[in-house]
2 protein chains.
Amino acid sequence: MSRTEPAGTFTIGEAARSSGVKVPTIRYYEEIGLLPAPPRTEGGRRSYGAADMRRLAFIRHARELGFEIEAIRTLLQLQDQPEQPCAAADAIARDRLIEVERRIASLTALKAELQRMVEGCSHGHVAACRVIEILADHGECRHHHGPAEPGGIGR
Amino acid sequence: MSRTEPAGTFTIGEAARSSGVKVPTIRYYEEIGLLPAPPRTEGGRRSYGAADMRRLAFIRHARELGFEIEAIRTLLQLQDQPEQPCAAADAIARDRLIEVERRIASLTALKAELQRMVEGCSHGHVAACRVIEILADHGECRHHHGPAEPGGIGR
DNA sequence: CTTGCTCCTCTAGTCGCTAGAGGAGCTAGG
DNA sequence: CCTAGCTCCTCTAGCGACTAGAGGAGCAAG
């Protein structure tokens with residue numbers, strides 16, 4: 001076994017492996033104050049405890065659910081004050097849910113349009129290519145207006 | 001009428017209004033070589049022709065469909081060579097379709113999880129808040145693995 | 001004692017814009 | 001002709017959430 005560190009503490013690499021968050025990302029979270037700066041070993045290495053590991057798992061899960069860093073910051077503050085009412089947490093989750101629903105709707109419209117493009121393509125030459133044609137002629141499609149995905153159209 | 005420019009040419013502002021692409025974004029497209037640098041008036045202002053307007057509409061439409069700039073660059077090159085086979089355009093559209101389908105699937109899973117959070121929330125205190133609880137305990141949810149949305153989890 | 005892994009800090013780059021400063025030109029009204 | 005107010009110009013910097021790489025130090029095993 002390779003345990004030189006005190007029991008119950010973890011290196012940044014171990015924290016990364018156990019949480020699924022990459023090493024530079026953990027350091028980044030520390031930098032922006034999402035994760036507290038952990039104590040260091042003699043050699044200057046970060047040494048994480050169980051609470052840090054839980055916090056990191058929380059962050060990771062929240063990021064997976066698409067919560068923004070600022071929302072996670074708020075959620076973490078709420079978590080640290082368990083006797084507060086949870087209306088704020090509820091509101092954040094509701095907002096996220098609404099956003100996700102909007103995104104699904106617009107991606108579904110988008111999917112239909114992409115399918116028309118792909119299915120209509122005769123696999124011949126560009127001149128007769130439905131993909132290019134549909135892109136060139138906006139008027140041809142039934143358009144759902146506004147950008148497909150808010151906050152950076154495509155990603 | 002306020003037409004001082006030669007007939008059939010457009011200022012950047014007109015191009016922006018007609019395409020729905022913002023002025024700085026048009027300049028940005030020029031900078032990255034997606035849109036050719038147009039001729040200038042005596043006073044140094046950009047003067048767009050009908051072909052530019054079509055190209056801009058094409059770009060805008062493709063961005064709305066979530067194509068990345070590099071994909072659009074390829075599509076524009078294809079458009080300029082109509083006797084080429086359109087397999088490449090087809091492939092780009094297919095890739096995009098697959099990505100959109102993946103995104104819809106993962107957003108749908110996400111929506112279910114958010115709904116569990118929101119519906120389970122008793123609107124009491126943080127200590128008993130299901131939103132916080134689910135985020136804290138990853139093990140509690142049926143997880144779809146990998147980040148919710150590739151290339152920047154949440155957007 | 002050397003090999004090779006992990007860790008450290010720091011800077012710069014990614015994508016696709018967006019915002020703002022500071023200035024010049026252009027047009028309509030007086 | 002003059003001025004007000006719009007649009008346009010260039011340039012730099014910033015956004016979010018990382019990611020990549022340089023250059024160096026520590027640390028455990030053989």
Side-chain angles (χ1 to χ4, degrees), chain A residues 1-6 9-35 37-48 56 59-60 62-73 99 147-155, chain B residues 1-6 9-35 37-48 56 59-60 62-73 99 147-155:
Chain A
M1 304 297 155
S2 63
R3 294 239 127 276
T4 304
E5 312 120 35
T9 74
F10 304 86
T11 66
I12 198 170
E14 286 162 351
R17 275 185 293 279
S18 113
S19 68
V21 178
K22 289 182 196 153
V23 168
T25 304
I26 295 175
R27 287 196 279 246
Y28 168 72
Y29 287 160
E30 179 183 325
E31 193 185 305
I32 62 170
L34 206 59
L35 206 55
R40 302 285 183 117
T41 65
E42 270 185 40
R45 295 176 175 212
R46 286 169 180 83
S47 174
Y48 295 98
L56 196 49
I59 295 168
R60 148 84 176 195
R63 285 299 293 131
E64 261 173 15
L65 290 174
F67 289 95
E68 290 174 10
I69 297 289
E70 285 316 302
I72 297 174
R73 205 187 288 280
E99 203 198 311
E149 290 163 68
I153 295 172
R155 315 238 89 201
Chain B
M1 304 293 156
S2 64
R3 294 240 124 276
T4 304
E5 312 121 34
T9 73
F10 305 85
T11 65
I12 198 170
E14 287 162 350
R17 275 185 293 281
S18 113
S19 68
V21 177
K22 289 180 195 153
V23 169
T25 304
I26 295 176
R27 286 198 278 248
Y28 168 73
Y29 288 160
E30 179 183 326
E31 193 185 305
I32 63 169
L34 206 58
L35 206 55
R40 302 285 183 117
T41 65
E42 270 185 40
R45 298 178 173 211
R46 287 170 181 83
S47 174
Y48 296 98
L56 196 49
I59 294 169
R60 147 89 176 192
R63 285 297 293 132
E64 260 174 17
L65 290 174
F67 288 95
E68 290 174 10
I69 298 287
E70 284 317 300
I72 297 173
R73 205 187 288 279
E99 203 198 310
E149 290 162 66
I153 294 172
R155 314 239 89 197

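First the proteins, then the strands, lettered A, B, ... as listed; each starts at 1.
Not one side-chain nitrogen or oxygen of Thr11(A) sits closer than 4.0 Å to the OP1 or OP2 atom of dT6(C). The side chain of Arg40(A) places an N or O atom within less than 4.0 Å of a non-bridging phosphate oxygen (OP1 or OP2) of dT9(C). For dG16(C), the OP1/OP2 oxygens have no side-chain nitrogen or oxygen of Tyr29(B) closer than 4.0 Å. Taking 4.0 angstrom as the limit, Tyr28(B) places none of its side-chain polar atoms (N or O) nearer than this to OP1 or OP2 of dC15(C). Within the structure, a side-chain polar atom (N or O) of Arg63(B) is placed less than 4.0 Å from OP1 or OP2 of dC17(C). Taking only side-chain nitrogens and oxygens, Thr25(B) comes nearer than 4.0 Å to OP1 or OP2 of dT18(C). Within the structure, a side-chain polar atom (N or O) of Lys22(A) is placed less than 4.0 Å from OP1 or OP2 of dT19(D).
Counting any heavy atom pair closer than 4.0 Å across all strands shown, Ile32(B) reaches no nucleic acid atom. Within 4.0 Å of Arg17(A), counting heavy atoms only, lies no atom of the nucleic acid at all. Across all strands, Arg46(B) comes closer than 4.0 Å only to sugar-phosphate atoms, never to a base (heavy-atom distances).
Computed from coordinates, the Ile69(B) CD1 to dC15(C) P distance equals 10 Å when rounded to whole Å. Here dA25(D) presents its P atom at 13 Å from CZ of Arg45(A), a figure rounded to the nearest Å. Per the geometry, CD1 belonging to Ile26(B) stands 13 Å off P belonging to dT10(D), to the nearest Å.
Interface remark: the Arg27(A) side chain does not form any donor-acceptor pair with the dT9(C) base, using a distance-only criterion of under 3.5 Å.
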(message) Glu30(A) vs Arg46(A), test: salt bridge (Lys or Arg N to Asp or Glu O under 4.0 Å). Steps then yes/no.
(response) CA-CA 11 Å; Glu30(A) 179 183 325; Arg46(A) 286 169 180 83; 2.8 Å; yes
